[in-house]
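Labels below follow one simple rule: chain letters A, B, ... track the order of the sequence lines, proteins then strands, and each chain is numbered from 1. Keep in mind that this is a model prediction, so the values were computed, not measured.
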Amino acid sequence: MLYTRALIPTVKEAPADAANASHKLLVRAGYIRKVGAGMYDYLPLGLRVLKNIEAVVREEMNRSGAQEILMPALLPAEYFKETGRWDLYGATLFRLEDRKGGEFHLGPTHEEIVTDIARREIKSFRDMPTNLYQIQSKYRDEPRPRGGLLRCREFLMKDAYSFDVSEDAAKASYETMRQTYCRIFDRLGLTYRLVAADPGAIGGSTSAEFQVLADSGEDAIVACDTCDYAANVEIATVKAPPATDEAEAAEDKAKVHTPKVGSIEDVSRFLKKPKEKFLKSLVYLAGKELVLAIVRGDHDVNEIRLARALGVDEVFMAADADVQKATGAAVGFAGPVGFKGKVVVDRAAAAVKNAVTGANETDHHFTGVSRGRDWDGDVADIRLATDGDGCAVCGEAGREGKLKTYRGIEGGHIFILGTKYSEAMGATYSDDKMEKQPIVMGCYGIGVSRLVATTIEQHHDADGIRWPMSIAPYKVHLVSIGKDEPVLAAARKLYDELVAAGVDVLWDDRDERPGVKFKDADLLGMPLRVTIGAKALANGNVELKPRTESDPKKAELVPVADVARVLVERVRAAKTA
RNA sequence: CGGGGCGUAGCGCAGCCUGGUAGCGCACCUGGUUCGGGACCAGGGAGUCGGAGGUUCAAAUCCUCUCGCCCCGACCA
């Protein structure tokens, strides 16, 4: 492509509403433009990247034996009503009516629709295993679109669905997808972690997220420094704490006046006791029941684990008025001693002896509190993992792994769904004894458009984008300096040779000063830059510099006669690496 | 949904408090000089001041309503 013929509207200043590096760079480099909140135009370069990612995903999905289909984005309400998700999805669903008042919505995901295909077309055990996927726009009315392409209301997703005769067979399909995803993320040049995750609203038993590591990521994950345990902090577990220290003599319980000091921080300072000696008491609403959750003063509650311990879908922090009703005290003075409702206590908090806790009386705390004597509750693992915690997995095997925290962007998510959808929608097959069985399903998503931004979050510097070869919109950025005829002739010849060799090349043939061209080249981020200038060319050379080399003086001199061959080789080598 | 902020030229912003000719930088167009890391000089075009209503002789500016957008939180395959 000739730069003078291309629509590449670079700008010096990023729009004020861009917060992430990827958002700023995509706009500045002319890859995307905003149409509305969470809606973007893909300009020519942006679309090329999107298509390149799509191609990698499609190749690997096909290689795994999956078959591509395309389902509608516009859907009648009846399918989601069959499984109850018409109501469950709530405000996230984009709903609309047709001219006759019929109810429709835009697909946020397609389990129901693909299950409908399955129940009609998959009739025998001989029809499985099978895996159907599509690459399609998804629609979700997100509470808050943000981060440019990272969280959109319309976004491109690859969603795949596996159909198997049994849970074991489904596990094999799941494993195939796990390996396929690893190949995809590797080819895209991303550094990622496979982490255990909460299946959330999709449902299902086994699930794992492909978290692309980036400081700007929305998700917090923990990974063991010794074994391969990694999990979203939402569900991460930690090594059980040592049992109560029996050597510590039991104190008597005493009530102390703590006027206007309710937070752990303040009471700790006021009473000069470490936070580890506190029982942090939080009132949660679980269904209709008010429950007291107890964690150690220096820990935080993991609400997803708490909900699981209680056997409910989710829990909510109780409103201040409810807290006062339940404890008889102002917020900040709740405690388990004398609490009338259900109490759930984290393992670490359960082990604290001579604890400090709220007295359920405004402006008062108890000290010297002991579990068993003064209060009790159901012990469970309900705290949030943090940096430095012991790893539960290798810790129990006697090793000393420590958890480290990372930020990640969810690039993919794989699930075993079981029979949730097939049973709700009557998707059954006949087994070899002519008996009807529910199909066992799995589903597998990759946020294709999100990966455009995610890649930049991981691959950029102060000057611009640094595309991995596999998805770069052009592999070679050819810069001709000045208007000397020998320079232009050499550039034209190289350009033609690269095009003939099938190498995607962008030739900056504009009548611009060198500085402008170099700045734009860095911003756009093509992996290889070739500069043809009069001085080097007089000696028969051109300059070759990878985008990852930031020092322009380290450009490599390559004889003009060899450069086409060298470039073709490097592009091929980088693609297969 | 709770808290905060912003809508003025394509982009980034000033002007608003204290009402009175709508400005600056970048980008764009013309001419000239310049030419290896976002040049310079001169000239030029471009804005229903998000929208509606109100107060006023007079509204970008004050008041009311409304729409959109961003940030933090909540929420979120």
When both hydrogen-bonding distances must be under 3.5 Å and the geometry is Watson-Crick or G-U wobble, what is B/C1 paired with, if anything? B/G73
Which nucleotide, in any strand shown, forms a Watson-Crick or G-U wobble pair with B/U61, with both distances under 3.5 Å? none
Length of the CD-C1' vector between A/Glu234 and B/C76, whole Å: 9 Å
Roughly how many Å apart are B/G12 and B/A27, using the P atom of each and rounding to a whole number? 15 Å
Rounded to whole Å, how long is the line connecting atom CD of A/Glu218 with atom C1' of B/G73? 13 Å
On RNA chain B, does the nearest nucleotide to A/Ala16 precede the nearest nucleotide to A/Lys138 from the 5' side, or the other way round? Give the residue. A/Ala16
Within 45° cone of A/Trp86 ring axis and under 6.0 Å: A/Arg95 NZ or CZ: yes
Separation of B/C75 atom C1' from A/Asp141 atom CG, nearest Å, is 12 Å
Side chain of A/Glu13 only, please: which of B/G12, B/C75, B/C69 is the nearest? B/G12
Would you kindly give the CZ-to-P distance between A/Phe316 and B/G2, to the nearest whole Å? 17 Å
Counting the atoms with a prime plus P, OP1 and OP2 as sugar-phosphate, which does A/Pro143 contact under 4.0 Å by heavy atoms, base, sugar-phosphate, or nothing? base
Cationic N near anionic O, under 4.0 Å, A/Glu82 to A/Arg119: yes
pair_partner(B/A27), Watson-Crick or wobble, both distances < 3.5 Å, evaluates to none
Taking the P atom of each, how far is B/C26 from B/U18, in whole Å? 34 Å
Write down the distance separating the P atoms in B/G23 and B/C49, rounded off to the nearest Å. 14 Å
Base-pairing assignment for B/C49 (Watson-Crick or G-U wobble, both under 3.5 Å): none
Separation between the C1' atoms of B/U56 and B/U61, rounded to whole Å: 13 Å
With both distances kept under 3.5 Å, what pairs with B/G68, Watson-Crick or G-U wobble? B/C6
Check this for me: does any side-chain nitrogen of one of A/Asp300 and A/Lys280 sit under 4.0 Å from a carboxylate oxygen of the other? yes
In this structure, how many angstroms lie between the C1' atom of B/G10 and the CG atom of A/Leu7, rounded? 13 Å
Between A/Arg144 and B/C75, is there a side-chain N or O to OP1/OP2 distance below 4.0 Å? no
Less than 3.5 Å apart, which donor and acceptor atoms pair up between the side chains of residues 517-525 of chain A and the rest of the protein, not counting sequence neighbours?
residue	atom	partner	partner atom	Å
A/Lys517	NZ	A/Ser480	O	2.7
A/Lys517	NZ	A/Asp508	O	2.9
A/Lys517	NZ	A/Arg510	O	2.8
A/Asp520	OD1	A/Thr10	OG1	3.2
A/Asp520	OD2	A/Arg510	NH1	3.3
A/Asp520	OD2	A/Arg510	NH2	3.0

On RNA chain B, does the nearest nucleotide to A/His23 precede the nearest nucleotide to A/Pro108 from the 5' side, or the other way round? Give the residue. A/His23
Give the rounded distance in Å between these two atoms: CD of A/Glu154 and C1' of B/C76. 18 Å
How is A/Ala14 classified with respect to the nucleic acid when contacts are heavy atoms under 4.0 Å: base, sugar-phosphate, or nothing? sugar-phosphate
Are the charged groups of A/Glu543 and A/Lys554 less than 4.0 angstrom apart, N to O? no
When you check the gap from the basic side-chain N to the acidic O, do A/Glu218 and A/Arg146 get nearer than 4.0 Å? yes
Rounded to whole Å, the CZ-P distance (A/Arg146 to B/G5) equals 20 Å
Distance between P atoms of B/U48 and B/G4 (Å, rounded): 33 Å
Partner nucleotide, any strand, of B/U33 [Watson-Crick/G-U, under 3.5 Å]: B/A39
What does nucleotides 35-50 of chain B look like as a protein-contact string, B for base, S for sugar-phosphate only, - for none, at under 4.0 angstrom between heavy atoms? BBBBB-----------
Residues A/Arg151 and A/Glu142 bridged, charged N to O under 4.0 Å: yes
In whole Å, what separates the C1' atom of B/A59 from that of B/C24? 23 Å
Sole candidate of A/Leu150, A/Leu149, A/Leu25, A/Ile456 that passes side chain to side chain contact (heavy atoms under 4.5 Å, CB included) when paired with A/Asn20: A/Leu150
To the nearest Å, give me how far apart NZ (A/Lys24) and C1' (B/C71) are. 13 Å
Ionic contact status for A/Glu175 with A/Arg178, cut-off 4.0 Å: yes
Distance check, P atoms only: B/A74 and B/C65, in whole angstrom units. 30 Å
When rounded to the nearest Å, what value does the distance between P atoms of B/G38 and B/C1 take? 49 Å
